[in-house]
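Just below is one structure, and these are the notes that go with it.
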Amino acid sequence: MDLRRWNVRHVGMVLAAAPDFAPFPATNTPQFEALKARLGAAPLADLLALAARDIDAPIPALPAHLYHEFRETGRREGYEDAQRDRRNMLYRLTLAEWFEGQGRFLPTLEDLAWARLEETNWAWPAHARELDRPDHPTLDLAAAMTALDMAEMDYLIGARLSPNLRSRLRVEVERRAIGPFLERDDHWWLHTTPQKQVNNWTAVCVAGVVGAALYLEADSDRLARIVTRGLSSLADYLETFDAQGGSTEGPDYWTYGFGNYCVLAHLLHARTGGAIDLLSGDYLRDIAQFPLRTMLAPGVWVSFSDSDSNPVFHPGLLSHLAAHLDLPGLLGMGMRNDFAVTGFNQFAWPLRQYAWPLPPTAELAQPDVHDWYDEMGWMISRLNPADANALCLGVKGGHNDEMHNQNDVGSFMVVSGGKVVLTDPGRGRYSKAYFGPERYANLMASSRGHPVPVINGFEQAEGRQFRATVLAHSHSATADRLDLDMTAAYPAGAGLKALKRSVTLDRATPGGRVLLEDNFEFAGSKGHFQSVLVTPMPAQLEGGAVLIGAPGAGLRVDFDAAALDVAFDRHDGVEKQYQPAVDLIRVVFTPRQPAGQGRLALEISPLA
């Protein structure tokens with residue numbers, strides 16, 4: 001739908017004509033009892049037991065020195081982990097009180113709610129850097145999510161909360177979120193500009209603020225202004241997806257950014273009686289299927305940009321989209337219900353986990369044999385989607401100024417036996433340096449950490465002009481192939497005249513194989529060329545081939561042993577965000593004789 005067509009007057013009319021706002025059932029209503037019956041006794045009993053332990057647990061402290069740790073050391077986990085523990089306690093207590101309704105969780109719940117309202121900053125240290133002035137709060141992801149946290153808590157159990165707490169809650173949500181959103185234009189994520197494209201921040205921040213206003217704002221005219229401003233920002237957010245619904249941020253940020261877009265879509269649909277449906281139309285349906293189309297094998301997704309190969313998609317999100325858009329495949333992506341409330345960073349998802357759980361059984365999703373995103377230059381090829389162990393390939397073109405950019409033009413990954421054997425390593429640990437000028441010194445963000453060539457010692461450079469051009473793409477019963485011109489991905493100092501990369505999934509060979517071919521030419525007489533594979537598995541040279549991983553879940557890489565040298569460049573304990581550190585090996589193939597031009601070809605087959 002065209003979100004920019006909504007003006008304040010039109011939104012106001014829709015809001016005025018809408019039925020009562022009831023996005024979730026009230027305790028002890030027939031709809032609520034039906035929800036409990038659908039959940040079953042076991043998840044509720046476990047929730048109540050966990051919340052009972054929270055009653056006697058200390059509230060995690062968030063002192064000023066912990067907030068300043070990011071400014072001083074670049075480390076963000078200390079404050080964020082303690083903050084997350086505090087929030088998860090409140091989430092469990094709120095849900096437990098909603099379901100039980102007897103008041104035994106209220107004293108601790110109110111203590112925690114007051115503690116959250118009294119936090120100097122709702123914004124994370126990585127975004128605000130300093131503790132806020134009272135008259136100029138930072139409105140970031142965390143602040144927006146907190147506003148919605150508090151509004152949904154108030155909706156579910158507000159009648160049982162003390163009037164003073166509810167009053168203070170409204171004051172703080174207004175001061176820290178709704179007011180700054182409506183009255184200030186200094187939020188970079190509000191709109192795309194020539195200097196900065198919006199990204200997942202826009203969806204998260206708009207969903208948090210506008211969602212909170214849908215619950216709390218009593219002035220219908222002001223609410224219409226808030227909603228209209230939010231719709232304008234979301235129009236820019238939707239433009240970050242390509243014409244087929246693909247996002248260069250990858251599957252991980254689909255669940256975060258588009259997931260929050262869907263949170264607001266649900267609330268706005270409920271608040272307007274369905275008159276405003278942010279999920280209507282084929283384009284939104286395409287976006288909703290992004291995780292289905294980027295799944296390589298069960299439990300494995302492409303890990304381009306700051307994404308990982310094993311993302312978690314919120315059960316409530318998948319359940320809602322499957323029902324609202326009739327996309328049953330989303331239910332079978334291998335996610336499980338998480339009723340423990342330990343892995344969430346905002347109340348929206350544990351609430352929707354309980355309100356919209358995944359069914360106990362769902363048919364395993366089976367993607368197509370091939371997916372292609374033309375604008376992004378992403379090709380995802382599966383030898384046999386019905387076989388979880390079959391060979392799969394993901395490869396990308398693109399440019400080096402994408403959202404959550406990594407210098408990764410021409411990167412690819414190969415899955416065999418259901419395991420990522422050749423990898424694009426995904427996101428590194430989020431620190432001050434990772435999002436600052438030193439970003440591309442980090443192995444995970446630099447082209448050095450990706451399976452792309454090194455030219456005369458030069459890596460790829462950062463910027464939109466450093467890009468690939470798609471020369472050809474084809475899909476058939478015998479092969480999927482992507483041809484890229486990668487010459488422009490490297491700086492002038494590399495002395496490169498031409499570099500063309502071809503990546504093919506050969507379907508005709510039994511068991512399949514991936515063919516990688518780089519054709520290069522230097523501007524001078526001779527140059528130094530290296531082609532690189534990256535793996536998290538053991539690798540060794542044996543009998544003129546490189547063997548990676550183990551039989552059944554590994555790969556054999558055949559090459560011209562007479563013309564190429566092979567080196568193994570180890571990087572142990574590479575830090576990642578939200579994941580254990582990983583050991584990576586760069587397998588480097590180098591022509592023994594420098595030449596003005598040449599061809600380097602690798603044949604990659606399942607390891608029997």
Side-chain angles (χ1 to χ4, degrees), residues 47-48 50-70 76-98 100 103-128 130-134 137-180 208-209 211-212 215-216 340-351:
L47 170 68
L48 296 178
L50 289 171
R53 290 209 294 265
D54 289 328
I55 290 175
D56 299 319
I59 297 175
L62 295 174
H65 77 266
L66 197 59
Y67 198 90
H68 290 146
E69 190 174 58
F70 178 82
R76 59 193 286 172
E77 291 85 358
Y79 186 89
E80 288 186 15
D81 288 351
Q83 185 196 58
R84 187 174 294 110
D85 290 342
R86 177 184 280 199
R87 280 143 173 69
N88 284 338
M89 288 175 65
L90 184 59
Y91 301 163
R92 286 190 292 267
L93 290 164
T94 300
L95 289 169
E97 183 60 34
W98 182 41
E100 187 178 82
R104 67 168 167 146
F105 301 106
L106 284 176
T108 305
L109 188 156
E110 289 219 355
D111 283 346
L112 272 162
W114 277 112
R116 292 196 65 178
L117 294 173
E118 292 164 357
E119 292 169 6
T120 301
N121 278 38
W122 282 355
W124 281 323
H127 303 151
E130 298 286 349
L131 291 171
D132 284 338
R133 302 195 318 266
T138 302
L139 182 50
D140 76 331
L141 303 168
M145 292 188 295
T146 300
L148 185 56
D149 284 359
M150 305 308 285
E152 295 202 311
M153 179 189 73
D154 181 81
Y155 172 80
L156 294 178
I157 59 170
R160 297 169 226 166
L161 298 175
S162 63
N164 195 17
L165 174 62
R166 298 189 76 190
S167 176
R168 176 68 180 276
L169 182 151
R170 283 159 171 74
V171 168
E172 292 301 326
V173 171
E174 170 64 29
R175 181 179 73 85
R176 299 174 188 252
I178 296 175
V209 176
Y215 283 107
L216 301 177
V341 192
T342 56
F344 301 99
N345 216 15
Q346 53 186 129
F347 185 52
W349 295 125
L351 169 57

Criterion side chain to side chain contact (heavy atoms under 4.5 Å, CB included) on Phe105 and Ile55, from CA distance to verdict: CA-CA 7 Å; Phe105 301 106; Ile55 290 175; 3.7 Å; yes

Would you say that [X] contacts [Y] through its side chain, given a criterion of any heavy-atom pair below 4.5 Å between the two side chains?
X: Trp114; Y: Asn164; answer: yes
X: Thr120; Y: Tyr67; answer: no
X: Glu130; Y: Pro125; answer: no
X: Asp54; Y: Thr108; answer: no
X: Leu109; Y: Met153; answer: yes
X: Pro137; Y: Asn121; answer: no

Working for side chain to side chain contact (heavy atoms under 4.5 Å, CB included), residues Leu117 and Met150: CA-CA 9 Å; Leu117 294 173; Met150 305 308 285; 3.8 Å; yes

So, does [X] use its side chain to make a donor-acceptor pair with the main chain of [Y] at under 3.5 Å?
X: Arg86; Y: Pro60; value: yes
X: Arg92; Y: Val341; value: yes
X: Asp132; Y: Thr138; value: yes
X: Asp140; Y: Trp124; value: yes
X: Gln83; Y: Leu62; value: no

All side-chain contact (heavy atoms from CB on, under 4.5 Å) counterparts of Arg170, not counting sequence neighbours: Asp154, Arg166, Leu216

Nearest heavy-atom pair of [X] and [Y]: which atoms, and what distance?
X: Arg160; Y: Leu106; value: O-CD1, 3.5 Å
X: Leu131; Y: Ala64; value: CD1-CB, 3.8 Å
X: Asn88; Y: Thr342; value: ND2-O, 3.3 Å
X: Leu112; Y: Met89; value: CD1-CB, 3.7 Å
X: Gln346; Y: Tyr91; value: CA-OH, 3.2 Å
X: Ala113; Y: Leu90; value: N-CD1, 4.2 Å

Side chain to side chain contact (heavy atoms under 4.5 Å, CB included) between Leu48 and Arg104, worked out: CA-CA 11 Å; Leu48 296 178; Arg104 67 168 167 146; 4.0 Å; yes

Residues Arg87, Glu119; criterion salt bridge (charged side-chain N to carboxylate O under 4.0 Å, His left out); working and verdict: CA-CA 12 Å; Arg87 280 143 173 69; Glu119 292 169 6; 3.0 Å; yes

Partners meeting salt bridge (charged side-chain N to carboxylate O under 4.0 Å, His left out) with Arg133 (sequence neighbours left out): Asp135

Residue list, salt bridge (charged side-chain N to carboxylate O under 4.0 Å, His left out) with Glu174, at least two apart or on another chain: Arg222

Separation between CG of Leu156 and CH2 of Trp98, rounded to the nearest 0.5 Å: 5.5 Å

Salt-bridge contact Asp149-Arg116 (side-chain N to carboxylate O under 4.0 Å):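 Salt bridge between Asp149 and Arg116, a charged N being under 4.0 Å from a carboxylate O: yes.
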
Audit row: Glu172, Trp122, side-chain hydrogen bond (donor to acceptor under 3.5 Å, both in side chains) steps and yes/no: CA-CA 10 Å; Glu172 292 301 326; Trp122 282 355; over 6 Å; no

Short side-chain donor-acceptor distance under 3.5 Å, Tyr79 and Glu69: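 The answer is no; no qualifying pair exists.
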
Intermediate values then yes/no, side chain to side chain contact (heavy atoms under 4.5 Å, CB included), Arg176 and Leu139: CA-CA 7 Å; Arg176 299 174 188 252; Leu139 182 50; over 6 Å; no

